[in-house]
**Student:** 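Before anything else, here's the structure in question.
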Amino acid sequence: MKKVLLFMLAAVLVFSFTACTNTAEPAQSPEASPVAEATYTGTYTEPLKMGTNAAFPPYEYKEGEAFKGIDVEIATAIAEELGTTLEVVDMEFDAIITAVQQGEVNFGMAGMTVTDERKEQVDFTSSYATGVQVVIVSEDSAIATLDDLAGKKIGTQLGTTGDMYSKDDYGEENVTSYGKGADAVIALKGGDVDAVIIDNEPAKAFVAENEGLKILETEYAIEDYAIAVAKENTALLADINAALEKLTADGTIDAIVASYIKAE
Ligand code: ARG
């Protein structure tokens with residue numbers, strides 16, 4: 001009698017378990033969810049603050065009071081993924097890493113190149129874009145190669161990789177660092193510098209806005225852009241990486257990039 005009861009009980013349990021799993025997980029067609037939902041470690045009740053320097057089209061720039069650009073849109077999508085909203089905090093480029101370290105912002109995103117030096121100060125997420133340092137000169141310039149830059153006056157944006165590398169390669173005395181890339185371009189047009197070293201996409205935007213300038217064919221450096229997070233903030237780092245993975249897999253990132261950068 002006891003055995004029979006136990007058997008019946010077991011049967012009931014097995015049955016209810018199967019019934020339960022059947023109703024809880026209806027079969028999904030692959031079309032219904034092409035990308036698995038990502039799971040995130042943190043809960044984000046406040047807006048995520050992004051430290052940036054909004055003078056770097058097409059990655060970040062201002063249109064009136066509104067912040068626009070690839071980074072702003074990717075960060076907005078990440079914040080949405082994490083169940084919150086984005087707040088853009090505009091600052092000097094060379095202030096972003098400190099703002100991240102001190103927790104004034106949750107992350108830094110500014111077409112920021114991953115370098116070993118910066119990796120000592122912050123953690124970087126997976127890379128979401130490639131950047132290339134290029135050289136802008138005036139159309140009639142005698143400068144045609146990187147070697148031609150020797151002894152010439154170079155303009156850069158302060159604290160950027162273009163600024164640091166050109167000081168190393170061509171000597172600090174030959175490099176003038178401006179607060180904004182656009183100011184370096186104004187200096188080039190005014191003849192204060194002979195060349196500007198800056199990332200390729202902003203370079204294209206500046207050349208398109210200003211007559212009489214061109215970009216040299218030779219690339220100066222090829223780099224990876226990533227998002228900077230404070231070293232102790234491993235949960236946010238993991239969550240941004242998971243969100244980036246999802247937004248890459250479902251095509252969101254490509255769509256954002258394509259809306260700003262026309263394929264050549
Ligand atoms: N990729 C370069 C760097 O990380 C320049 C980035 C400048 N970004 C900006 N938003 N101003 O140094």
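All ligand and atom numbering here is 1-based and tracks the order in the structure.
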**Student:** Hey, does Thr52 come in under 3.5 Å of ligand 1, counting only N/O atoms on both sides?
**Tutor:**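 Thr52 vs ligand 1: no N/O contact under 3.5 Å.
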**Student:** For ligand 1, which atoms, with element, lie under 4.0 Å from some heavy atom of Asp199?
**Tutor:**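 This gives 1 (N), 2 (C), 5 (C) as the contact atoms.
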**Student:** Please write down residue, atom name and distance for the protein heavy atom closest to atom 11 (N) of ligand 1.
**Tutor:**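 Ranked first by proximity to atom 11 (N) of ligand 1 is Asn53 OD1, 2.8 Å.
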**Student:** What protein heavy atom lies closest to atom 8 (N) of ligand 1? Include the residue and the distance to one decimal.
**Tutor:**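 Looking only at protein heavy atoms, the one closest to atom 8 (N) of ligand 1 is Ala110 O, 2.7 Å.
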**Student:** Could an N or O of ligand 1 be found under 3.5 Å from any N or O of Gly159, whether backbone or side chain?
**Tutor:**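 No; every N/O pair is 3.5 Å or more apart.
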**Student:** Applying a strict 4.0 Å limit to heavy atoms, is Tyr225 in contact with ligand 1?
**Tutor:**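 So Tyr225 counts as touching ligand 1.
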**Student:** Test Glu223 against every option in Thr161, Thr115, Thr130 by the side-chain hydrogen bond (donor to acceptor under 3.5 Å, both in side chains) rule and name the one that passes.
**Tutor:**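 Among Thr161, Thr115, Thr130, the one meeting side-chain hydrogen bond (donor to acceptor under 3.5 Å, both in side chains) with Glu223 is Thr161.
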**Student:** How about CD on Glu173, more than 12 heavy atoms from neighbouring residues, nucleotides or ligands closer than 6.0 Å, or not?
**Tutor:**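 Counting other residues, nucleotides and ligands, CD of Glu173 exceeds 12 neighbours.
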**Student:** Distance to 0.1 Å, residue and atom name: give those for the protein heavy atom nearest to atom 12 (O) of ligand 1.
**Tutor:**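 The answer is Thr161 N, 2.7 Å.
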**Student:** Looking only at distances, can you tell me whether any N or O atom of Gly111, backbone or side chain, sits closer than 3.5 Å to an N or O atom of ligand 1?
**Tutor:**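 N/O-N/O distance under 3.5 Å: yes.
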**Student:** Looking at Ile215, Leu216, Asp194, which one forms a side-chain contact (heavy atoms from CB on, under 4.5 Å) with Val137?
**Tutor:**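 Testing each of Ile215, Leu216, Asp194 against Val137, the sole residue satisfying side-chain contact (heavy atoms from CB on, under 4.5 Å) is Leu216.
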**Student:** Out of curiosity, Gln101 CD to Glu232 CD, how far, rounded to the nearest 0.5 Å?
**Tutor:**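 Answer for the CD-CD pair, Gln101 versus Glu232, is 9.0 Å.
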**Student:** Under 4.0 Å from any heavy atom of Glu60, which atoms of ligand 1 are there?
**Tutor:**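 Counting atoms of ligand 1 from 1, those under 4.0 Å from Glu60 are 10 (N).
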**Student:** Ignoring hydrogens, what is the shortest heavy-atom contact between Glu201 and Pro58? Give both atom names and the distance.
**Tutor:**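 Between these two residues, the closest heavy atoms are CB-CD, 3.4 Å.
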**Student:** Can you tell which of Gln157, Met91, Met112 makes a side-chain contact (heavy atoms from CB on, under 4.5 Å) with Asn53?
**Tutor:**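 For Asn53, the side-chain contact (heavy atoms from CB on, under 4.5 Å) test succeeds with only one of Gln157, Met91, Met112, which is Gln157.
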**Student:** Considering the heavy atoms of Gln157, write down every atom of ligand 1 situated less than 4.0 Å from one of them.
**Tutor:**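 Answer, ordered by atom number: 7 (C), 11 (N).
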**Student:** Is it true that atom NZ of Lys167 has more than 12 heavy atoms of other residues, nucleotides or ligands lying nearer than 6.0 Å?
**Tutor:**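 Check passes, neighbour count above 12.
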**Student:** Any atoms of ligand 1 less than 4.0 Å from a non-hydrogen atom of Arg118? List them with their elements.
**Tutor:**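 Those atoms are 3 (C), 4 (O), 12 (O).
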**Student:** With heavy atoms only and a cut-off of under 4.0 Å, state how Lys180 meets ligand 1: side chain, backbone, both or neither.
**Tutor:**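 Within the 4.0 Å criterion, Lys180 makes no contact with ligand 1.
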**Student:** Determine whether the aromatic ring centres of Tyr260 and Tyr59 lie less than 6.0 Å apart.
**Tutor:**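 Between Tyr59 and Tyr260, which both carry aromatic rings, the centre distance is not below 6.0 Å.
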